[in-house]
Amino acid sequence: MAVLVSVLAFAMTLAGGLAAMRVRDHRHLVLGLAGGLMLGVVAFDLIPESLDLADAHPLGVPAPMIGFAAGFLLLHVVEQAVAIHRAHEDEYAPHVHAHGHGPGHGPGSRAGLLAALALVLHSLVDGISIGLGFQSGRDVGIAVTLAVITHDFADGFNTFTAASLRRTDRRPALALLLADALAPIAGAALTTLGTVPDAVLGPYLGLFAGVLLYLAAAEILPEAHSRHPRVLTLCATGLGLLAVLLVAGIAH
């Protein structure tokens, strides 16, 4: 039953990714909306859920919040290790680096791929949640499934947008979108083999929230505002944030 209903999550994730693909000509609005959706998912979904799952408080701090800080720092370190972040200096004047990066080879594009991979892992956890919900009972399983599919559209949208950040080649983004869509089905199937303790899921969700927040604040939103009118982009960001808030309110 859990694997069967997880097909709904598959469909919603693909729909979100295809929507991001179709509006590529309005990239600044796509990025603004994606930034708002990411902020909303972090604030209204991942952090509250992670705190509900984990009871551990190392050094008096909730374990998911330690994971949150670690995730934010992790993506920052990865980006700096790839290349010194140039603060979007290419927006101000034409220039060429001796070690210049072609399309899809800058630090932002690699950070986007890492965040997209984190989204795939998050979708895998969504599938596991569906399976564990049905292990607890049919009503619980249906409730968890509804909660998952309500944000899977945003997951697909964000996965394609993050993976295609500063890339002209869509193939990596399409591959990761497909992986993200299939992940809930795989996660639901995995629950037939065993269980995942909440003590592990909570810190992981916190870690993922930190990764997502870094991408939204340091890459997605600055890129969205780089070359386009900012009022419409701000409206798109606010719309994304409001949409996740409304979905979270309905789901709970």
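All heavy atoms count here, side chains included; hydrogens, waters and symmetry mates do not. Quick caveat, the model's predicted, so the values are computed rather than measured. In this chain, numbering begins with 1 at the start of the sequence shown.
- No more than 12 heavy atoms of other residues, nucleotides or ligands sit less than 6.0 Å from atom CG of D55.
- Every residue meeting the side chain to side chain donor-acceptor pair (under 3.5 Å) condition with S123, not counting sequence neighbours, appears here in chain and number order: D180.
- Between atom CG of residue D45 and atom OG of residue S50 there is a gap of 9.5 Å, rounded to the nearest 0.5 Å.
- Checked by atom type and distance alone, the side chain of T237 never pairs as donor or acceptor with a backbone atom of G35 at under 3.5 Å.
- A distance of 10.0 Å separates CG of L174 from CG of L14, quoted to the nearest 0.5 Å.
- Taking the side-chain contact (heavy atoms from CB on, under 4.5 Å) definition, one finds that A243 meets it with nothing, sequence neighbours left out.
- The line from CE of M65 to CD1 of I47 is 4.5 Å long, rounded to the nearest 0.5 Å.
- Checked against side-chain contact (heavy atoms from CB on, under 4.5 Å), L75 has the following partners two or more places apart in sequence or in another chain: A111, L114, V211, Y214, L215.
- No single ILVMFWY cluster, assembled from side-chain heavy atoms under 4.5 Å apart, contains both L207 and L121.
- The structure places CZ of F208 at 5.5 Å from CG of L46, a figure rounded to the nearest 0.5 Å.
- Every residue meeting the side-chain contact (heavy atoms from CB on, under 4.5 Å) condition with A56, not counting sequence neighbours, appears here in chain and number order: P58, A63.
- The two residues A181 and F10 come nearest to each other via the heavy atoms O-CD1, 3.2 Å.
- Atom CZ in F44 sits 4.5 Å away from atom CG in L245 (nearest 0.5 Å).
- Among the candidates T159, L176, L177, the single residue satisfying the side-chain contact (heavy atoms from CB on, under 4.5 Å) test with L119 is T159.
- Not counting sequence neighbours, S6 has no partner by the side chain to side chain donor-acceptor pair (under 3.5 Å) test.
- Contacts of L39 classified as side-chain contact (heavy atoms from CB on, under 4.5 Å), with partners at least two apart in sequence or in another chain: L213, A216, L221, L241.
- Smallest separation of non-hydrogen atoms from V42 and P48: O-CD, 4.1 Å.
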For this session: Determine, step by step, whether L8 and M12 satisfy the side chain to side chain contact (heavy atoms under 4.5 Å, CB included) criterion, reporting the C-alpha distance in whole Å, the side-chain angles of both residues, the deciding distance to 0.1 Å, and the verdict.
Result: CA-CA 6 Å; L8 295 174; M12 287 296 290; 5.7 Å; no
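- Rounding to the nearest 0.5 Å gives a distance of 8.5 Å between CZ of F160 and CG of L18.
- Minimum interatomic distance between A9 and T13 (heavy atoms only, all atoms of both residues): O-OG1, 2.8 Å.
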For this session: Quick one: do F68 and L205 satisfy side chain to side chain contact (heavy atoms under 4.5 Å, CB included)? Show the steps, please.
Result: CA-CA 8 Å; F68 174 80; L205 291 178; over 6 Å; no
